[in-house]
Amino acid sequence: MCLAVPAKVVSIDGETALVELGGLTRQARTMLVPSVKVGDYVLLHAGFAIQTLDEAAAQETLGLLARMAEAGAGEA
(Lines give C-alpha, C1' and ligand atoms only; values in the text may rest on other atoms or scores of the structure.)
Protein backbone atom coordinates (compact mmCIF):
# COMPACT_ATOMS: atom_id res chain seq x y z
CA MET A 1 0.00 0.00 0.00
CA CYS A 2 1.27 3.46 -0.86
CA LEU A 3 0.47 6.38 1.37
CA ALA A 4 1.38 10.04 1.04
CA VAL A 5 1.03 12.18 4.15
CA PRO A 6 0.92 15.95 4.63
CA ALA A 7 4.04 17.58 6.04
CA LYS A 8 4.92 21.22 6.69
CA VAL A 9 8.03 22.69 5.09
CA VAL A 10 10.28 24.27 7.72
CA SER A 11 13.37 25.00 5.62
CA ILE A 12 14.64 24.60 2.08
CA ASP A 13 18.17 24.11 0.79
CA GLY A 14 18.28 23.71 -2.98
CA GLU A 15 16.04 20.78 -3.93
CA THR A 16 15.94 19.42 -0.40
CA ALA A 17 13.52 20.57 2.28
CA LEU A 18 13.25 19.85 5.95
CA VAL A 19 9.63 18.97 6.68
CA GLU A 20 7.77 18.46 9.95
CA LEU A 21 5.42 15.55 10.37
CA GLY A 22 3.84 14.71 13.70
CA GLY A 23 6.62 16.39 15.67
CA LEU A 24 9.38 14.68 13.68
CA THR A 25 11.47 16.26 10.98
CA ARG A 26 12.59 14.59 7.80
CA GLN A 27 14.36 15.56 4.63
CA ALA A 28 12.30 15.61 1.46
CA ARG A 29 13.32 16.08 -2.15
CA THR A 30 11.39 18.94 -3.76
CA MET A 31 12.22 18.52 -7.44
CA LEU A 32 8.56 17.65 -8.18
CA VAL A 33 7.27 20.84 -6.51
CA PRO A 34 9.81 23.48 -7.53
CA SER A 35 7.66 26.42 -6.35
CA VAL A 36 7.36 25.16 -2.76
CA LYS A 37 8.10 27.69 0.00
CA VAL A 38 8.81 27.55 3.73
CA GLY A 39 5.47 27.24 5.53
CA ASP A 40 3.76 25.35 2.70
CA TYR A 41 2.29 21.90 3.19
CA VAL A 42 3.31 19.11 0.84
CA LEU A 43 2.26 15.54 0.34
CA LEU A 44 5.27 13.43 1.30
CA HIS A 45 5.78 10.01 -0.25
CA ALA A 46 8.93 7.94 0.01
CA GLY A 47 11.08 10.97 0.71
CA PHE A 48 9.66 13.05 -2.12
CA ALA A 49 7.31 16.02 -1.89
CA ILE A 50 4.89 15.13 -4.67
CA GLN A 51 2.28 17.92 -4.39
CA THR A 52 1.61 21.09 -2.47
CA LEU A 53 -1.70 21.48 -0.67
CA ASP A 54 -3.40 24.17 1.38
CA GLU A 55 -3.30 24.11 5.16
CA ALA A 56 -7.01 23.28 5.52
CA ALA A 57 -6.66 20.16 3.36
CA ALA A 58 -3.47 19.17 5.21
CA GLN A 59 -5.12 19.56 8.63
CA GLU A 60 -8.19 17.62 7.51
CA THR A 61 -6.04 14.72 6.30
CA LEU A 62 -3.87 14.78 9.43
CA GLY A 63 -7.03 14.68 11.56
CA LEU A 64 -8.34 11.67 9.65
CA LEU A 65 -5.00 9.86 10.03
CA ALA A 66 -5.01 10.58 13.78
CA ARG A 67 -8.54 9.19 14.13
CA MET A 68 -7.54 6.07 12.16
CA ALA A 69 -4.54 5.57 14.46
CA GLU A 70 -6.74 5.95 17.55
CA ALA A 71 -9.25 3.45 16.19
CA GLY A 72 -6.47 1.01 15.36
CA ALA A 73 -4.95 1.35 18.83
CA GLY A 74 -8.29 0.35 20.35
CA GLU A 75 -8.29 -2.91 18.38
CA ALA A 76 -4.86 -4.10 19.58
* Structure fact -> Shortest non-hydrogen pair, Val9 vs Val42, comes out as CG2-CG1, 4.0 Å
* Where is the tightest heavy-atom contact between Val36 and Thr52, given as atom of each residue plus distance? -> CG2-CG2, 4.1 Å
* Only pairs at least two apart or in different chains count here, so list each salt bridge (Lys or Arg N to Asp or Glu O under 4.0 Å) that has a residue in residues 46-60. => none
* Asked: In terms of hydrophobic clusters joined by side-chain contacts under 4.5 Å, are Tyr41 and Phe48 together?
  -> yes
* Are any side-chain N or O atoms of His45 and backbone N or O atoms of Leu3, one a donor and one an acceptor, separated by less than 3.5 Å? -> yes
* Shortest non-hydrogen contact from Leu32 to Ala49? -> CB-O, 3.5 Å
* Is Met68 atom CE crowded by more than 12 heavy atoms from other residues, nucleotides or ligands, each under 6.0 Å away? -> no
* Measure the NZ-CG distance between Lys8 and Leu21 for me, rounded to the nearest 0.5 Å. => 13.0 Å
* Asked: How long is the span from the OG atom in Ser11 to the CD atom in Gln27, to the nearest 0.5 Å?
  -> 8.5 Å
* **Residue list, salt bridge (Lys or Arg N to Asp or Glu O under 4.0 Å) with Glu15, at least two apart or on another chain** => Arg29
* Asked: Would you call Pro6 and Leu43 a side-chain contact if the rule is heavy atoms closer than 4.5 Å?
  -> yes
* Over 12 foreign heavy atoms within 6.0 Å of CD, Gln59 -> yes
* Structure fact -> In this structure, OG1 of Thr30 is separated from CG of Asp13 (nearest 0.5 Å) by 9.5 Å
* Under a 4.5 Å cut-off applied to non-hydrogen side-chain atoms, are Thr61 and Val5 in contact? -> no
* To do: Say whether Met31 and Ile50 are linked into one hydrophobic cluster, either directly or through other cluster members, by side-chain heavy-atom distances under 4.5 angstrom.
  => yes
* To do: Drop me the distance from Leu44's CG to Gln51's CD, to the nearest 0.5 angstrom.
  => 12.5 Å
